[in-house]
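Report on one structure; see the data block that follows.
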Amino acid sequence: PIYKQVASLNLERSLEHFKSANSAESNKSGDKFQPVSKVVNLQTTPDSKLDEFSQVGMEAIRAGTVAAVIMSGGQGTRLGYSGPKGMFNLGMPSQKTIFQLHMEKILKMKQLSNASSVPVYIMTSHLNHDIIMNAFHDNNYFNYPKEDIIFFEQGIEPSFTLDGKIIIESKETLSLAPDGNGGIYRALLYSGCIDNMKNRNIQHLHIYGIDLSLIH
């Protein structure tokens with residue numbers, strides 16, 4: 001089993017990432033990092049400009065060129081929950097899970113904009129892919145069109161010791177972990193989601209983490 005895991009990994013790339021992370025940790029001068037130049041401050045932006053932004057966004061959604069991408073590769077450990085974060089019940093009177101809240105918000109936006117389709121791409125991981133797919137199936141996809149929900153797995157990377165050695169979890173497996181939010185772009189490409197977006201004429205993505213339950 002370990003041999004198969006090693007064969008499926010790009011160890012050269014993983015080692016480069018490890019070295020790059022160590023290098024960044026040792027050089028904290030921040031010389032290479034600059035503030036983003038074009039930022040909209042909602043608190044200081046006039047209401048008329050915000051209305052214009054809203055109108056442009058609604059028109060893009062109505063035209064079918066916007067998709068939501070939800071990062072849901074982690075588990076709800078910090079919430080005291082053993083399953084995927086999206087399946088966590090926040091304890092509201094409605095007893096809705098985080099997944100349900102997100103899907104209902106997107107559905108409402110679809111209805112308000114009168115869009116024919118708003119695809120939702122959900123990034124899972126090897127830890128929870130099947131569990132999440134089954135949860136959506138068991139809940140009738142939260143009344144969202146099944147054909148507009150696409151699941152894809154993020155990549156995995158081996159865990160390293162501080163001196164750059166791969167950690168072995170047991171006699172039969174390496175210690176593997178999801179490659180983080182930054183891995184979403186490679187995962188979208190390798191999973192075929194980018195091609196799917198092109199076929200749907202998607203031009204804009206709203207990317208956010210599953211735990212941002214108040215996002216809209």
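You'll find the side chain of Phe99 reaches within 4.5 Å of the side chain of Ser72, heavy atoms only. Using a 4.5 Å heavy-atom cutoff, the side chains of Met71 and Gln154 are not in contact. Counting heavy atoms from C-beta outward, Thr97 and Lys85 have side chains that stay 4.5 Å or more apart. Under the 4.5 Å side-chain criterion, counting only non-hydrogen atoms from C-beta, Val118 is in contact with Tyr144. Counting heavy atoms from C-beta on, the side chains of Ile167 and Phe160 never come closer than 4.5 Å. Looking at Leu90 and Leu101, their side chains come closer than 4.5 Å, going by heavy atoms from C-beta outward. Met197 is listed as a side-chain neighbour of Leu188, based on a closest heavy-atom distance under 4.5 Å. Contact of the Glu104 side chain with the Asn143 side chain is not registered, since no non-hydrogen atoms from C-beta on lie closer than 4.5 Å.
Ring orientation note: the planes of Phe151 and Phe136 are nearly perpendicular, at an angle over 60° on the 30°/60° scale.
Residues Ile202 and Gly64 approach most closely at CD1-O, 3.6 Å, considering heavy atoms. Here the closest non-hydrogen pair linking Gly155 and Ala187 is N-CB, 4.5 Å. For the pair Leu15 and Gly164, the tightest heavy-atom approach, listed with the atom from each and the gap, is CD2-O, 4.3 Å.
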Worked check of side chain to side chain contact (heavy atoms under 4.5 Å, CB included) between Ile122 and Met133: CA-CA 10 Å; Ile122 299 177; Met133 289 191 64; over 6 Å; no
Audit row: Met58, Leu112, side chain to side chain contact (heavy atoms under 4.5 Å, CB included) steps and yes/no: CA-CA 9 Å; Met58 291 294 281; Leu112 290 174; 4.1 Å; yes
Step-by-step side chain to side chain contact (heavy atoms under 4.5 Å, CB included) determination, Val69 to Ile184: CA-CA 9 Å; Val69 182; Ile184 187 173; 3.5 Å; yes
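Separating the CD1 atom in Ile149 from the NE2 atom in His137 is a distance of 12.0 Å, to the nearest 0.5 Å. From Asn139, atom CG reaches atom CD of Gln100 across 7.0 Å, with rounding to the nearest 0.5 Å. Taking CD1 from Ile131 and OG from Ser125, the interatomic distance works out to 9.0 Å, rounded to the nearest 0.5 Å. Note that CG of Asp211 is 11.0 Å distant from CD1 of Ile70, once rounded to the nearest 0.5 Å.
By the salt bridge (Lys or Arg N to Asp or Glu O under 4.0 Å) test, Lys105 pairs with no residue at all, sequence neighbours left out. In this structure, the side chain to side chain donor-acceptor pair (under 3.5 Å) partners of Ser159, at least two apart in sequence or on a different chain, are Ser175. Residues forming a side-chain contact (heavy atoms from CB on, under 4.5 Å) with Asp163 (at least two apart in sequence, or on another chain): Thr161, Lys165. In terms of the side chain to side chain donor-acceptor pair (under 3.5 Å) criterion, residue partners of His129 (sequence neighbours excluded) are, by chain and number, Thr124. Not counting sequence neighbours, Glu153 has no partner by the side chain to side chain donor-acceptor pair (under 3.5 Å) test. Under the side chain to side chain donor-acceptor pair (under 3.5 Å) criterion, Asp130 pairs with no residue at all, not counting sequence neighbours. Evaluation of the side-chain contact (heavy atoms from CB on, under 4.5 Å) rule for Val66 yields Ala60, Ile61, His204 as partners, not counting sequence neighbours. In this structure, the side-chain contact (heavy atoms from CB on, under 4.5 Å) partners of Lys146, at least two apart in sequence or on a different chain, are Tyr141. A search for salt bridge (Lys or Arg N to Asp or Glu O under 4.0 Å) contacts involving Glu16 returns nothing, not counting sequence neighbours. Among residues two or more places apart in sequence or in another chain, the side-chain contact (heavy atoms from CB on, under 4.5 Å) test is passed with Glu147 by Pro145.
Side-chain N or O atoms of Asn128 include none that pairs as donor or acceptor with a backbone N or O of Gly83 at under 3.5 Å. The main-chain N or O of Ser113 is found under 3.5 Å from a side-chain atom of Arg62 such that the two form a donor-acceptor pair.
The local environment of CD in Glu12 is sparse, with at most 12 non-hydrogen atoms from other residues, nucleotides or ligands closer than 6.0 Å.
Pairs passing the side-chain hydrogen bond (donor to acceptor under 3.5 Å, both in side chains) check and including a residue from residues 183-194, sequence neighbours excluded, read Asp179-Arg186.
If you chain together hydrophobic residues whose side chains sit under 4.5 Å apart, Ile207 and Val120 never meet in one group. Connection of Leu107 to Leu214 is not established within any shared hydrophobic cluster, with ILVMFWY side chains joined at heavy-atom distances below 4.5 Å, either directly or through further cluster members. Follow the hydrophobic side-chain contacts under 4.5 Å out from Phe88 and you reach Ile215 in the same cluster. Leu212 and Ile98 fall within the same hydrophobic cluster, defined by Ile, Leu, Val, Met, Phe, Trp and Tyr side-chain heavy atoms under 4.5 Å apart, directly or through other members. Taken together through direct or relayed side-chain contacts under 4.5 Å among Ile, Leu, Val, Met, Phe, Trp and Tyr, Leu162 and Leu174 form parts of separate hydrophobic clusters.
Between Asp148 and Arg200 there is a salt bridge, since a side-chain N of the basic residue sits under 4.0 Å from a carboxylate O of the acidic one.
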Donor-acceptor contacts, no H, no angles, side chain residues 46-57, under 3.5 Å, sequence neighbours left out:
from  : atom 1 : to    : atom 2 : distance (Å)
Lys49 : NZ     : Glu52 : OE1    : 3.4
Gln55 : NE2    : Glu59 : OE2    : 3.3

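The distance between the ring centers of Phe142 and His102 does not fall below 6.0 angstrom. Ring centroids of Phe152 and Tyr121 are separated by 6.0 Å or more, keeping the two rings apart.
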